[in-house]
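Beneath this line is the structure, given in structure tokens, with notes to follow.
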Amino acid sequence: MKIERLTPSAAPAYRALMLQAYSAHPDAFTSSATERVALPLAWWEARLSTDPLAHELVLAALDGEDLAGVVGLSFDTREKARHKVTVLGMYVPERYRQHGLGRQLLQAALSQARQRDGVRVVQLTVTFGNRIAQALYESCGFISFGIEPQAVAVGDRFVAKG
């Protein structure tokens with residue numbers, strides 16, 4: 001499958017896919033479907049900016065015109081933290097799982113991060129206990145540096161992130 005950077009014209013499809021992700025897997029994302037559905041399309045378009053120095057970018061695996069999976073990068077813009085980038089919004093719908101798309105997306109994201117001047121650290125969080133995601137991230141070189149208890153409130157319960 002082809003992996004490419006999404007542009008603002010893909011905002012409606014990207015928004016729909018991420019709203020599906022937030023609804024289907026509320027434990028996996030810090031944002032909720034309720035708060036994201038309220039955002040204007042302009043917010044989603046801004047996340048897909050094509051500016052070479054945009055502080056966020058999103059890559060997608062494409063099955064024809066369909067988004068088969070996405071992963072984002074958020075580049076820290078603060079002076080003392082410009083060397084860090086965070087992987088965010090990684091999602092592959094169930095019908096596309098078990099085909100290595102998650103690995104392809106993550107490797108493409110890491111490649112994009114390496115191309116940005118000054119980036120030295122790529123970090124992410126994963127819901128504690130999500131062994132499949134943890135195994136993928138570890139196999140791509142990520143190392144756990146701790147667990148944040150009660151990182152995300154999902155209804156009346158909390159989930160930890162590592």
Applying salt bridge (charged side-chain N to carboxylate O under 4.0 Å, His left out) to Glu138 and not counting sequence neighbours gives none
For Arg131, the salt bridge (charged side-chain N to carboxylate O under 4.0 Å, His left out) test, sequence neighbours excluded, returns none
Cluster membership besides Phe75, Ile/Leu/Val/Met/Phe/Trp/Tyr side chains within less than 4.5 angstrom, sorted by chain and number, is Met1, Ile3, Leu57, Leu59, Val71, Leu73, Val85, Val87, Met90, Val92, Tyr96, Leu101, Leu105, Leu106, Leu110, Val119, Val122, Leu124, Val126, Leu136, Tyr137, Phe142
**Report entry** Flag side-chain contact, heavy atom, 4.5 Å: Lys84 against Arg120
**Finding:** no
Report all side-chain donor-acceptor pairs from residues 6-21 shorter than 3.5 Å, counting only partners two or more places apart or in another chain.
residue : atom : partner : partner atom : Å
Thr7    : OG1  : Ser9    : OG           : 3.0
Tyr14   : OH   : Arg47   : NH1          : 3.4
Arg15   : NH2  : Val37   : O            : 3.0
Gln20   : NE2  : Tyr91   : OH           : 2.9

Requested in this report: Quick one: do Gln150 and Val159 satisfy side-chain contact (heavy atoms from CB on, under 4.5 Å)? Show the steps, please.
Outcome: CA-CA 5 Å; Gln150 298 184 355; Val159 294; over 6 Å; no
Residue pairs meeting salt bridge (charged side-chain N to carboxylate O under 4.0 Å, His left out), one or both in residues 150-162, sequence neighbours left out, come to Asp27-Arg157
Residues 143-162 vs ring-ring contact (aromatic ring centres under 6.0 Å, His included), sequence neighbours excluded, gives none
Rounded to the nearest 0.5 angstrom, the OG1-CD distance for Thr77 and Glu56 is 10.0 Å
Original post:
When you look at CD of Gln98, are more than 12 heavy atoms from neighbouring residues, nucleotides or ligands closer to it than 6.0 Å?
Top reply: no
Connected to Ile132, directly or through other members, by ILVMFWY side-chain contacts below 4.5 Å are none
Residues pairing under salt bridge (charged side-chain N to carboxylate O under 4.0 Å, His left out) where one sits in residues 59-73, two or more places apart or in two chains, turn out to be none
CD (Gln123) and OG (Ser74) are apart, to the nearest 0.5 Å, by 10.0 Å
The remaining residues in the hydrophobic cluster of Val121, counting side-chain heavy-atom contacts under 4.5 Å among Ile, Leu, Val, Met, Phe, Trp and Tyr, are none
Residue set satisfying salt bridge (charged side-chain N to carboxylate O under 4.0 Å, His left out) with Lys80, at least two apart, ordered chain then number -> none
**Message:** Can you confirm whether Arg82 sits close enough to Asp76 that some side-chain heavy atom of one is under 4.5 Å from a side-chain heavy atom of the other?
**Reply:** no
Taken in chain and number order and not counting sequence neighbours, the residues that satisfy ring pair (Phe, Tyr, Trp, His ring centres under 6.0 Å) with Tyr22 are Phe29
Is any side-chain heavy atom of Ser139 less than 4.5 Å from a side-chain heavy atom of Arg103?
yes
By side-chain contact (heavy atoms from CB on, under 4.5 Å), Asp117 pairs with (sequence neighbours left out) none
Next on the checklist: Donor-acceptor check, side chain of Glu35 to backbone of Ser32, threshold 3.5 angstrom: yes or no?
Outcome noted: yes
Closest non-hydrogen contact found for Pro93 with Ala68 is CD-O, 3.2 Å
